[in-house]
Amino acid sequence: MSAADNVKLEAGWKAALHDEFDKPYMRELSDFLRAEKAAGKAIYPPGALIFNALNSTPLAAVKVVVIGQDPYHGEGQAHGLCFSVQPGVKTPPSLVNIYKELKRDLNIDIASHGNLQHWAEQGVLLLNTSLTVEHGIAASHAKIGWQSFTDKVIEVASQQQARLVFLLWGAHAQSKEKLIDVSKHLVLKSVHPSPLSAHRGFIGNGHFSRCNKFLQQHALGSIDWRLPEA
């Protein structure tokens, strides 16, 4: 019996990532998380949502990959999709800037909430490179093994899909370009949408319209970046 058999994961991703769950790093990661929870530490997102990005965007449906870093570390924020927060949570500053660029680029009105589930369900894989975090401590789980797992996710998407758009915002996301077959996929890069850097080229990058143009050129269907009101 494989450790993957105990994980609730979309069938396409489970088949492609099956062997990862039996590797030593993944067993050590699982043991670490169990020990942290046993010690009374709050870990985000909730266990059922750790693989939400993969469960919300089946492998065969991926059109766009957005790479984030780690989940939000405040209570009730993270739900397994990068840049996204659960309903009722204030829109984070980086996502505010993403919305500003959407308005500038595609004239899409700024959403009143920060939940990006609608994007995920259209084929936008919203992948953090670390899938968990300890309450109040950014990047606290950056070196426990998640990077190996999410690198494999990026490689699998690159290998198995014919045409994808990768949105690499900031140096951390851009460090993953080496995992992508740039001969068949469109890779769009800019500074991060954080308030610290967005004014240096995120606002004005045109990534959303360029993304849809590429998808339309390859008859893949564009993304409706508008978000339904909560």
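Just so it is clear, the model here is predicted, and its values are computed rather than measured. Sequential numbering from 1 along the given sequence is applied to the chain's residues.
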Do [X] side-chain atoms and [Y] backbone N/O form a donor-acceptor pair below 3.5 Å?
X	Y	value
E36	I43	no
S84	L116	yes
N205	S190	no
H113	P87	no
S158	I180	no
Q69	A173	no
W119	W225	yes

Just to verify, what does [X] make a side-chain contact (heavy atoms from CB on, under 4.5 Å) with, not counting sequence neighbours?
X	result
A4	S2, H18, F21
N107	K103
V85	Y72, Q77, V89, P92
L186	V165, L188, F214

| query | Going through the distances and angles, do V133 and N128 end up as a side-chain contact (heavy atoms from CB on, under 4.5 Å)? | reply | CA-CA 11 Å; V133 71; N128 278 315; over 6 Å; no
Under 3.5 Å, which donor-acceptor pairs do the side chains of residues 138-145 form with other protein atoms, sequence neighbours left out?
unit_1 : atom_1 : unit_2 : atom_2 : d
S140   : OG     : E134   : N      : 2.9
S140   : OG     : I137   : O      : 2.8
H141   : ND1    : T132   : OG1    : 2.7

| query | Using a distance-only test with no angle check, is there a side-chain donor-acceptor pair under 3.5 angstrom linking D181 and S183? | reply | yes
Which pairs count as salt bridge (charged side-chain N to carboxylate O under 4.0 Å, His left out) when at least one residue sits in [range], sequence neighbours excluded?
range	result
residues 185-198	E177-K189
residues 150-163	D151-K176
residues 49-78	none
residues 5-22	E20-K23

Would you compute the distance between atom [atom1] of [X] and atom [atom2] of [Y] and round it to the nearest 0.5 angstrom?
X	Y	atom1	atom2	result
K184	Q161	NZ	CD	8.0 Å
L167	L125	CG	CG	11.0 Å
F149	L54	CZ	CG	5.5 Å
H79	I50	NE2	CD1	14.0 Å
N212	D224	CG	CG	9.0 Å

Common cluster, [X]/[Y], ILVMFWY with side-chain heavy-atom separation under 4.5 Å:
X	Y	answer
Y25	V156	yes
L9	L29	yes
L215	V66	yes
V124	I67	no
L102	V191	yes

| query | Run the side-chain contact (heavy atoms from CB on, under 4.5 Å) check on W13 and V153 step by step: do they pass? | reply | CA-CA 8 Å; W13 286 114; V153 170; 3.7 Å; yes
| Tell me, do R27 and S30 make a side-chain contact under 4.5 Å, heavy atoms counted? | no
| Is there a side-chain contact between I154 and F166 (heavy atoms, below 4.5 Å)? | yes
Heavy-atom closest pair, residues [X] and [Y]:
X	Y	answer
A78	P71	CB-CB, 3.8 Å
H172	S175	O-OG, 2.6 Å
F208	D105	N-OD2, 3.2 Å
N115	Y99	N-OH, 4.4 Å
A3	V7	O-CG2, 3.7 Å

| After noting the C-alpha distance and the side-chain angles of R104 and E101, does the key distance pass the side-chain contact (heavy atoms from CB on, under 4.5 Å) rule? | CA-CA 5 Å; R104 190 209 62 81; E101 175 54 18; 2.8 Å; yes
| request: Provide the full list of side-chain hydrogen bond (donor to acceptor under 3.5 Å, both in side chains) pairs with a residue in residues 87-96, sequence neighbours left out, each pair given once. | output: none
| Pairs in or reaching into residues 48-58: which pass side-chain hydrogen bond (donor to acceptor under 3.5 Å, both in side chains), with residues at least two apart or in two chains? | N52-S56, S56-Q117
Less than 3.5 Å apart, which donor and acceptor atoms pair up between the side chains of residues 193-204 and the rest of the protein, not counting sequence neighbours?
unit_1 : atom_1 : unit_2 : atom_2 : d
S194   : OG     : L196   : N      : 3.0
S197   : OG     : H192   : O      : 2.7
R200   : NH1    : L196   : O      : 3.1

